[in-house]
Amino acid sequence: MHPVENFAPRVLAWFDEHGRKSLPWQDDKSPYRVWISEIMLQQTQVTTVIPYYHKFMSSFPNVEALADAEQDEVLAHWSGLGYYARARNMHKAAKMLVDEFDSEFPQSVEGVCELPGIGRSTAAAILSISRDVQAAILDGNVKRVLARFHAVPVWPGEKKTENAMWELAEQYMPSERCGDYTQAMMDLGATLCTRSKPQCLLCPLESDCQGRLTQDPTQFPIRKPKKAAKPEKSIQLLVLMNQQSQLLLEKRPQTGIWGGLWSLPELASEESIVLHIEQRFATQVKTVTALLSFRHTFSHYHLDISPSRIQMQDTNLVMEGGKYQWFSLEQALQLGLPAPVRSILDSAK
DNA sequence: AAGGCGGGGTG
DNA sequence: CACCCAGCCTT
């Protein structure tokens, strides 16, 4: 990802021609008004925000008015916008600004970041737009523009990738017209370099855009890796007790799940215990007691386990080779057991 | 590094 | 329906 010359001038020239310049928070770009707009616009689209912004500014025209308001009143103005921590943090920050900062915004990104609800990107937006400070934002729009421009091949949610994109964002931020540049990048992302159907032919960066060279620019930014919903399996595990209070364990094959461990005889969830056992071991079942079912989760799937305790009539079982063996409970607990099996046996003590 | 927070828009 | 949006905070 090397930076490209002329990035900012091209973006700014496009902005002069096509950028948005009459949004409600753009005629008086005081830090307070920009701040409120930025908070409202976090994870929320412009058309949703506009009516809220008007009403809010009418009720709380400056930071003192906001600081003096009751929290209930502030939240009432936020009702329907969602992410209500934004409003609570904002109200708290207004009080901090009045009480501790003499009602003035700090001049640095680090300073503004001290205020609750304001992170690096929002701080940079406020300072660049309201005071032309040379600080870059990295919001969803900028991430999308940069990810496409450089065809960033990995998900930007990863820390390493995000750091690299911050680096790029700072490098492209010009030393002049910082506020216009911030607004321009957001406009580019919001109106041309949109999530779907980007209008590449109108884009000032089209000729150097790596994403444009690919089959489909919308494959950038790479989507968040889906954690494949873990599949669910269910089994029955059987605590087979003989007349000597011994229980039957089965040696698992070396490969596969629980390879080589001693486990309880397993039955598919839908199989009938009595039928299966009497057929398989040629013996009578005396009693069947359902034990508490529980879920065991592996890295790759959920296993719902329904254990049962079965009292056998006699012990003349027809064994298959040496893979079955009777153990006392004490002996069994000394063996290598799968965790859920150990758990079942522990609770049988 | 991952989850929670919310409501609305979009394909 | 899943996914995304002018993110930030907590764990």
Side-chain angles (χ1 to χ4, degrees), chain A residues 11 15 19-21 23-26 29 31 33-53 56 75-93 96 109-110 112-130 135-148 154-163 165-166 169 173 178-198 216-230 297 299:
Chain A
V11 170
F15 174 75
R20 296 173 296 185
K21 301 174 195 76
L23 294 169
W25 42 90
Q26 290 182 312
K29 289 181 266 193
R33 290 174 54 85
V34 174
W35 170 41
I36 303 303
S37 74
E38 290 300 328
I39 300 301
M40 284 189 174
L41 287 162
Q42 286 171 5
Q43 304 299 108
T44 310
Q45 298 189 345
V46 168
T47 53
T48 305
V49 162
I50 287 176
Y52 283 89
Y53 186 80
F56 196 95
L75 288 173
H77 282 73
W78 212 266
S79 177
L81 262 188
Y83 281 127
Y84 298 96
R86 292 185 295 176
R88 296 193 303 272
N89 283 333
M90 192 174 68
H91 189 217
K92 187 174 171 189
M96 286 175 62
V109 168
E110 303 76 52
V112 178
C113 281
E114 297 293 306
L115 298 166
I118 303 182
R120 179 175 175 183
S121 187
T122 299
I126 295 169
L127 289 177
S128 62
I129 291 173
S130 69
I137 62 167
L138 186 62
D139 64 1
N141 286 313
V142 176
K143 272 184 190 158
R144 189 167 55 251
V145 170
L146 293 180
R148 283 181 185 164
V154 286
W155 179 52
E158 276 184 47
K159 201 62 186 172
K160 199 172 57 171
T161 311
E162 198 183 338
N163 289 341
M165 298 188 80
W166 270 113
M173 165 60 79
C178 301
D180 283 349
Y181 176 79
T182 291
Q183 188 62 52
M185 287 297 283
M186 294 193 287
D187 288 356
L188 201 54
T191 68
L192 282 192
C193 196
T194 48
R195 179 165 64 94
S196 55
K197 300 181 184 171
D216 176 17
T218 65
Q219 71 187 292
F220 305 100
I222 300 290
R223 310 261 188 278
K224 174 187 182 136
K226 293 244 282 207
K227 30 199 77 162
K230 294 183 181 176
T297 299
S299 57

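Chain letters run A, B, ... following the sequence lines, proteins first and then strands; every chain starts at 1.
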Which residues pass the side chain to side chain contact (heavy atoms under 4.5 Å, CB included) test with [X], sequence neighbours left out?
X        : value
A:Asn163 : A:Lys159
A:Ala136 : A:Ala169, A:Glu170, A:Met173
A:Glu158 : A:Trp155, A:Thr161

Can you check the [X] [atom1] to [N] [atom2] distance for me, whole Å?
X        : N      : atom1 : atom2 : answer
A:Gln26  : C:dA6  : CD    : C1'   : 12 Å
A:Ile129 : C:dA6  : CD1   : P     : 13 Å
A:Ile39  : B:dG6  : CD1   : C1'   : 16 Å
A:Leu41  : C:dA6  : CG    : C1'   : 5 Å
A:Lys197 : B:dT10 : NZ    : P     : 11 Å
A:Arg148 : C:dC4  : CZ    : C1'   : 12 Å
A:Leu75  : B:dG7  : CG    : P     : 13 Å
A:Phe220 : C:dC4  : CZ    : P     : 15 Å

So, the side chain of A:Asn89 versus the backbone of A:Pro116: is there a donor-acceptor pair under 3.5 Å, distance only?
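It does not hold such a pair.
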
Test your reading of the model: is there a side-chain donor-acceptor pair from A:Ser130 to the backbone of A:Ile126, 3.5 Å cut-off?
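Yes, A:Ser130 side chain to A:Ile126 backbone: donor-acceptor pair under 3.5 Å.
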
Residues touching DNA chain B, which here means a heavy atom under 4.0 Å, drawn from residues 42-50 of chain A:
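DNA chain B contact set from residues 42-50 of chain A: A:Gln43, A:Thr44, A:Gln45.
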
On DNA chain B, more 5' by nearest nucleotide between A:Arg195 and A:Lys159 is A:Lys159

Hey, which of these two, A:Ser196 or A:Leu81, hits DNA chain B nearer its 5' end, going by closest nucleotide?
A:Leu81

From the list C:dA6, C:dC4, B:dG7, which nucleotide is the closest neighbour of the side chain of A:Met186?
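Minimum distance to the A:Met186 side chain belongs to C:dA6.
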
Extract from the structure each pairing of a protein N or O with an N or O of nucleotides 9-11 of chain C at less than 3.5 Å, listing the distance.
from, atom 1, to, atom 2, distance (Å)
C:dC9, OP1, A:Gly117, N, 2.8

For C:dA6 and A:Arg144 - does any side-chain N or O of the residue sit under 4.0 Å from the phosphate oxygens OP1/OP2?
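Checking C:dA6 against A:Arg144, a side-chain N or O does come within under 4.0 Å of OP1 or OP2.
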
With rounding to whole Å, what would you report as the distance between B:dG4 and C:dA6 at their P atoms?
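These two P atoms come out 23 Å apart once rounded.
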
Span that lies between the P atom of C:dC8 and that of B:dG8, in whole angstrom
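Those two atoms are separated by 23 Å.
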
By the 4.0 Å heavy-atom rule, please label [X] as base, sugar-phosphate, or nothing.
X        : value
A:Gln183 : base
A:Arg88  : nothing
A:Trp25  : base
A:Ile126 : nothing

With sequence neighbours left out, what residues match A:Arg195 under salt bridge (charged side-chain N to carboxylate O under 4.0 Å, His left out)?
none

Quick one: which of A:Val112, A:Thr122, A:Val34 gives a side chain to side chain contact (heavy atoms under 4.5 Å, CB included) with A:Leu127?
A:Val112

Residues which pass ring pair (Phe, Tyr, Trp, His ring centres under 6.0 Å) with A:Phe15, listed by chain and number, not counting sequence neighbours:
none

With A:Trp25, which residues qualify under ring pair (Phe, Tyr, Trp, His ring centres under 6.0 Å), at least two apart?
A:Tyr53

Side-chain donor-acceptor pairs under 3.5 Å in residues 44-51 of chain A, sequence neighbours left out?
from, atom 1, to, atom 2, distance (Å)
A:Thr44, OG1, A:Met40, O, 3.4
A:Thr44, OG1, A:Gln42, O, 3.0
A:Thr44, OG1, A:Arg86, NH1, 3.1
A:Thr44, OG1, A:Arg86, NH2, 3.4

